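Here's the structure, in structure tokens; my notes come after.
Naming: A, B, ... by sequence-line order, numbering from 1 per chain. Because the structure is predicted, anything quoted here is derived from the model rather than measured.
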2 protein chains.
Amino acid sequence: MTTAKRDTYTPETLLSVAVQVFNERGYDGTSMEHLSKAAGISKSSIYHHVAGKEELLQRAVSRALDGLFAVLEETGAVRGRAVERVEYVTRRTVEVLVAELPYVTLLLRVRGNTRTERWALERRREFDHQVAELLKAAAADGDLRADVDIRLATRLLFGMVNSLVEWYRPHPGTTADQLADAVVHMALDGLRTVRG
Amino acid sequence: MTTAKRDTYTPETLLSVAVQVFNERGYDGTSMEHLSKAAGISKSSIYHHVAGKEELLQRAVSRALDGLFAVLEETGAVRGRAVERVEYVTRRTVEVLVAELPYVTLLLRVRGNTRTERWALERRREFDHQVAELLKAAAADGDLRADVDIRLATRLLFGMVNSLVEWYRPHPGTTADQLADAVVHMALDGLRTVRG
DNA sequence: GTCTATATTACGATAGAC
DNA sequence: GTCTATCGTAATATAGAC
């Protein structure tokens with residue numbers, strides 16, 4: 001039922017163009033003129049598809065946040081020790097980050113100048129908080145080193161994960177699985193009570 | 001010889017105000033009007049001290065880069081095994097990052113829209129490259145695990161280090177030394193061939 | 001060194017034709 | 001759905017008084 005000719009924009013296809021430009025120039029550094037040039041249509045045509053620049057941002061960060069919170073739901077369903085859930089949430093977050101790379105990239109760079117941006121920051125804080133609770137539980141189980149500050153460890157771990165968006169590009173010889181392996185291995189081998 | 005009264009701005013004191021606003025709102029999201037309000041002087045008074053917005057950015061990222069490259073010079077003078085230089089450069093980078101927090105924060109968020117920004121990105125790449133060479137040497141010595149990709153490990157390690165700017169604030173109970181300990185411990189215990 | 005006023009350009013968004 | 005033309009605002013920067 002999908003049309004064979006795919007020349008006109010939908011909000012979704014326009015979004016993919018916009019997000020790419022936002023990530024290259026920064027959201028505030030991107031004008032409607034920039035978007036218009038990149039999409040190959042006029043400024044006013046963009047307004048036919050979306051209400052404005054901020055709607056594009058809203059759609060982008062929503063998509064990223066949906067992916068991340070889905071990971072938290074999956075993680076809650078994982079049986080076993082808390083440390084296994086820590087590994088699971090880390091691995092799946094890397095995968096979502098890779099799968100939704102431009103959207104998550106944009107989310108991670110939001111500053112808080114508009115209502116949309118402040119909402120995104122608030123939801124990110126909620127995600128971080130829930131991850132920190134997982135590490136706390138793993139520490140309570142005795143599966144993480146007793147001498148590490150859990151809040152600090154969470155921040156370093158997800159700082160490492162989030163930094164992927166700064167350099168990872170699809171298929172330069174590295175898959176999401178390999179990335180997740182490297183992150184989990186580097187992080188948990190430094191956090192585990194029992195050494196291999 | 002310093003004047004007792006310190007009410008008027010110099011380029012340096014104005015810079016410290018500007019960099020703070022840049023980090024709150026983003027460089028592109030900050031107008032001269034925003035800077036004027038934050039500094040408590042008019043827009044045109046700002047032009048008396050600096051040529052414009054981009055000069056403030058230039059001064060800020062230069063200061064950050066000077067700190068980081070000074071670390072590389074120190075590191076080259078450290079005797080012993082390469083892995084000790086890896087630990088040294090990591091620890092000192094954390095310290096510089098904390099000491100020059102707002103300046104490094106701004107540097108790490110630069111996108112590349114202007115000549116100044118592209119120059120900053122180029123110098124950052126040079127820093128990253130030199131650090132990668134250190135890890136490569138440590139791997140060649142057999143002091144890093146043989147199964148890790150060195151370029152990837154470098155990126156994860158310094159992704160973790162750089163992520164500090166996203167949350168660290170002076171003295172919420174954490175000193176630069178403690179931070180450096182945590183980073184080095186988490187990173188190297190996962191990278192070392194020989195386990196403790 | 002700081003100000004008010006203003007020149008000039010760029011921006012987000014709309015109007016209305018096709 | 002896309003366009004050209006344009007409105008109103010906000011941006012960087014300058015002029016010139018004090």
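- We find that CG of A:Leu56 is positioned 13 Å from C1' of C:dG12, with the value rounded to whole Å.
- Residue A:Glu84 qualifies as enclosed at atom CD: its count of foreign heavy atoms under 6.0 Å is above 12.
- Between the side chain of A:Thr13 and the main chain of A:Tyr9, no donor-acceptor pair closer than 3.5 Å is present.
- Counting any heavy atom pair closer than 4.0 Å across all strands shown, B:Ser31 reaches sugar-phosphate atoms only and no base atom.
- A:Tyr47 has no side-chain polar atom (N or O) that falls below the 4.0 Å cut-off from OP1 or OP2 of C:dT14.
- On the nucleic acid side, DNA chain D has its first and last nucleotide under 4.0 Å of a heavy atom of chain B at D:dA11 to D:dA15, going 5' to 3'.
- Side-chain atoms of A:Tyr103 and A:Val61, non-hydrogen and from C-beta on, never get closer than 4.5 Å to each other.
- Across all strands, A:Ser36 comes closer than 4.0 Å to no nucleic acid atom at all (heavy-atom distances).
- Here the C1' atom of nucleotide C:dT14 and the NZ atom of A:Lys53 are 18 Å apart, to the nearest Å.
- Within 4.0 Å (heavy atoms only), A:Lys43 reaches at least one base atom of the nucleic acid.
- Between B:Glu117 and A:Arg25, no side-chain nitrogen of the basic residue sits less than 4.0 Å from a carboxylate oxygen of the acidic one, so the salt-bridge criterion is not met.
- Per the geometry, CG belonging to A:Asp28 stands 13 Å off C1' belonging to C:dG12, to the nearest Å.
- With rounding to whole Å, B:Met32 atom CE is found 19 Å from C:dT9 atom P.
- Between B:Glu122 and B:Arg118 there is no salt bridge, since none of the side-chain N atoms of the basic residue sits less than 4.0 Å from a carboxylate O of the acidic one.
- Summarising the geometry, the separation between CG on A:Leu35 and P on C:dA13 is reported as 11 Å, rounded to the nearest angstrom.
- Of the charged side-chain nitrogens involved, at least one lies within less than 4.0 Å of a carboxylate oxygen, so that A:Arg91 and A:Asp181 count as a salt-bridged pair.
- Each of B:His48 and A:Glu33 lies near DNA chain C, and the nucleotide nearest B:His48 is the one positioned closer to the 5' end.
- By the 6.0 Å and 45° rule, A:Lys53 stacks over the aromatic ring of A:Tyr27.
- B:Ser44 comes within 4.0 angstrom of a base, heavy atoms only.
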